[in-house]
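Take a look at the structure below.
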Amino acid sequence: MQSMTEELKKQLDAVIREIATENEYKLPETFIVKLERPRQAGHGDWATNIAMQLAKPFGLNPRELAEKIIEKMPTGKVVEKIEVAGPGFMNFTLVSDWIAETIKMVTEKNENYGRVNQGEGRKIQVEFVSANPTGPLHMGHGRGAAVGDITASILDYAGWNVEREFYINDAGLQMELLGKSAQSRYFEAIGKTEEAPFPEDGYHGEYLIEIAGKFVEKYGTSLADKPLEDTLSIFSKETATIVLEMIKKDLSDFGVNFDVWFSEKSLYDNNCVEPAMTALKERDYAYEQDGALWFKSTLFGDDKDRVLIRQNGVPTYFTSDVAYLKNKYDRKFEKLIYVWGADHHGYVPRIKSVNKAFGYKDDALDVLLIQMVNLLRDGKPVQMSKRAGTIIMLREIVDEVGVDATRFFFVMRRCDSTLDFDLELAKKATSENPVFYVQYAHARICSIYRELEKNGIGIPDVTELDVASISEASEIALIKAISKFPEEIAKAAEEYAPHRIAYYATELAEAFHAFYNSQRILGTEENVMKSRILLMQAAKITLKNVLTVLGVSAPEKM
RNA sequence: GUGCCUGUAGCUCAGCUGGAUAGAGUAUUGCCCUCCGAAGGCAAAGGUCUGGGGUUCGAAUCCCCACAGGCACGCCA
């Protein structure tokens, strides 16, 4: 369909320019032909409102202009029929060749169907999750992980050279606190609880009790012989390493694999911080006052300037982020996506300011803010409290409802609206549950293949397709849904909107189920059957690819 | 107090870079398997797009003002 669509755009563009020149109408500089998918089935394959937009500059009424355009449009090769509708829409029906063309293309491209070249191989980084290595991932991280991972997949499909990166927040006070918590658990494990009291804001999770056990295994009681201060760094370092491994496991079990694990601490170890500060000073965006180093964020509309290096010489978290941002650009990324929890939204202007201060392009950096998740069970909220230690872990959800449902549910909604995640719904194997609905469509096709095989019928070659036998409304609707996939990828990539793909998956499955229920494959005339098998194969390929983008499995049987 | 997000069918949400009769799922009601997976399909019904102004040929969509809910406003990370 794409080639015909492009041709149609060219024809329209040429005709409109011709009309403008002939009549000395002034074409707006921003003029570009845009086609859209009409909502209504009766409104053809493509529609445009261009006549309405040009009516004013041309001094005509929209319908009149539309008629003028139609008069000059060549028909037969690409367009079968053009109609003027409503206030001045033009609805185009393509010649039916596009159906065969699409089925052929989908079949040939197979697992590459849906890929577009919007990114042109440019480097883009998606940084997400980026939790402190102080404990296993909880549910909130899960949404960020799913959104980040799937956004990255979409960008990959859209032709970008994508890197997934996890920023390990391993510099700063919380590492010490983690060490102290582990240390205390260690003393507890060897029966000397009083010698190392649990820190006030320590990490209460049970995983630290387990980790303490590992310290006992490795060191026996030897760590208790030295003063607490002397062993603290051992506890901090080794605990962080173990916890990071837990996080990595949580993520890989969730189908999320990072290309780069970037340590905040490494920014300091590799001397990335000072050059970044110097760069800011040189550009006159940083200054010293009261013994501290400040960033002039007020120049960018902030209420007050922000501290980079404290009076005591210790850099703030913000400093790391400044150095990190520069480091990202030094690695030649053309675009940077940050996926953050919405509770960090206040921080967005600040990082954008730094971006400007360094002189980078404003639109090279985008922050995706992920709103909160409300966990429900049978419609009722699941009580959670950080203090009481009843935080729900990502692993618990995955164990209960599975990776597929968890991933799908997490990207089902727009990022900027809060998400209700109902555990019971996610487990249901009915149409109430969109994951199953989509997977079922795929499994159903596989089942039909098995049935065909039993009857000694294989999958025909694409050349055996008989377009004339594809004419039922449900067939046309299905092939249309299939043909939309590349556009959906392009749109989702442009808007960083993974939920679009989840919606599209449902739409595609719906078109298939409707087709399946109204048309038979087995027992029809040979050319009809062959054509339907080929149509179904295109549907199967597309379903599989959509699910792959979402990181959800496409089962052959359920 | 300031800033950000949200407000669309009973419920959960798409649609938001302006376009045709505002769409899904679910719940409700009725139909469809001697037939490839009924884990499905078809149909009915369901709306003051929170409210009020404005912009224009046209507004759920853009602007302003209210109202309601959520989240942030550290030399914490």
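Atoms considered below: every heavy atom in the structure, side chains included; atoms not considered: hydrogens, waters and symmetry mates.
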Scan [X] against the nucleic acid and name what it touches under 4.0 Å (heavy atoms): base, sugar-phosphate only, or nothing.
X: Asn61(A); result: nothing
X: Ala47(A); result: base
X: Gln289(A); result: nothing
X: Ser417(A); result: sugar-phosphate
X: Ala85(A); result: base
X: Glu494(A); result: nothing
X: Glu510(A); result: sugar-phosphate
X: His345(A); result: base
X: Ala441(A); result: nothing
X: Tyr516(A); result: base
X: Met52(A); result: base

Between [options], spot the one nearest the side chain of [X], thanks.
X: Pro38(A); options: rC71(B), rA20(B), rA38(B); result: rA20(B)
X: Asn517(A); options: rA20(B), rC75(B), rG40(B); result: rG40(B)
X: Arg520(A); options: rU12(B), rC36(B), rC75(B); result: rC36(B)
X: Asp416(A); options: rC5(B), rA77(B), rG40(B); result: rC5(B)
X: Thr316(A); options: rA72(B), rC75(B), rG41(B); result: rC75(B)
X: Gln371(A); options: rC5(B), rA77(B), rC36(B); result: rC5(B)

Look through every strand shown and name the nucleotide pairing with [N] as Watson-Crick or G-U wobble, where both distances are under 3.5 Å.
N: rU55(B); answer: none
N: rG30(B); answer: rC42(B)
N: rG1(B); answer: rC73(B)
N: rG23(B); answer: rC13(B)
N: rA68(B); answer: rU6(B)

Can you tell me how far P of rC13(B) sits from CZ of Phe409(A), to the nearest Å? 12 Å
Rounding to an integer number of Å, can you tell me how far Leu425(A) CG sits from rG25(B) P?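 Going from CG in Leu425(A) over to P in rG25(B) covers 14 Å.
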On RNA chain B, does the nearest nucleotide to Met558(A) precede the nearest nucleotide to Arg39(A) from the 5' side, or the other way round? Give the residue.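 That would be Arg39(A).
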Closer to the 5' end of RNA chain B via nearest nucleotide, is it Gln311(A) or Pro87(A)?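 Taking each residue's closest nucleotide, the earlier one in sequence belongs to Pro87(A).
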When you measure from the side-chain N and O atoms of [X] to the phosphate of [N], is any distance below 4.0 Å, counting only OP1 and OP2?
X: Lys304(A); N: rC73(B); value: no
X: Tyr347(A); N: rG74(B); value: no
X: Arg500(A); N: rA24(B); value: no
X: Arg450(A); N: rC36(B); value: no
X: Thr524(A); N: rC36(B); value: no
X: His499(A); N: rG15(B); value: yes
X: Arg350(A); N: rC73(B); value: no
X: Arg414(A); N: rU6(B); value: yes
X: Lys56(A); N: rC57(B); value: yes

Looking only at atom [atom1], what distance separates [N] and [M], rounded to whole Å?
N: rA22(B); M: rC16(B); atom1: C1'; value: 12 Å
N: rA27(B); M: rC67(B); atom1: C1'; value: 30 Å
N: rU50(B); M: rC33(B); atom1: P; value: 42 Å
N: rA43(B); M: rU6(B); atom1: C1'; value: 34 Å
N: rA24(B); M: rA14(B); atom1: C1'; value: 7 Å
N: rC62(B); M: rG10(B); atom1: C1'; value: 31 Å
N: rC57(B); M: rC42(B); atom1: P; value: 41 Å
N: rA9(B); M: rG15(B); atom1: C1'; value: 14 Å

Mark yes or no: Lys328(A) above the aromatic ring of Tyr338(A), with NZ or CZ under 6.0 Å from the six-membered ring centre and no more than 45 degrees from the axis. yes
Do you know the tightest heavy-atom contact between Phe410(A) and Val147(A)?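 So the minimum-distance heavy-atom pair works out to O-CG2, 4.0 Å.
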Carboxylate-amine/guanidinium contact Lys530(A) Asp466(A), below 4.0 Å: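 Salt bridge: no.
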Are any of the side-chain nitrogens in Glu400(A) or Arg377(A) under 4.0 Å away from the carboxylate oxygens of its partner?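 Between Arg377(A) and Glu400(A) there is a salt bridge, with a charged N closer than 4.0 Å to a carboxylate O.
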Any chance NZ of Lys237(A) has more than 12 other-residue heavy atoms, nucleotides or ligands included, within less than 6.0 Å? no
Look at the side chain of Asn49(A) and the base of rA20(B), then say whether one donor and one acceptor between them are separated by less than 3.5 Å. no
Please evaluate the base of rC13(B) for a donor-acceptor partner in the side chain of Arg413(A) within a cut-off of under 3.5 Å?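 Such a pair does not exist between side chain and base.
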Any donor-acceptor pair under 3.5 Å linking the side-chain atoms of Ser531(A) with those of Ser469(A)? yes
Step by step, would you call Tyr317(A) with Tyr347(A) a side-chain contact (heavy atoms from CB on, under 4.5 Å)? CA-CA 11 Å; Tyr317(A) 179 80; Tyr347(A) 203 71; 4.1 Å; yes
Which of parallel (below 30°), tilted (30 to 60°) and perpendicular (above 60°) describes His204(A) and Phe198(A)?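 Tilted.
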Using the purine O4'-C1'-N9-C4 or pyrimidine O4'-C1'-N1-C2 torsion, is rC67(B) syn (within 90° of 0) or anti? anti
Is the ring centre of Trp261(A) less than 6.0 Å from the ring centre of Phe166(A)?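 Yes, ring centres under 6.0 Å apart.
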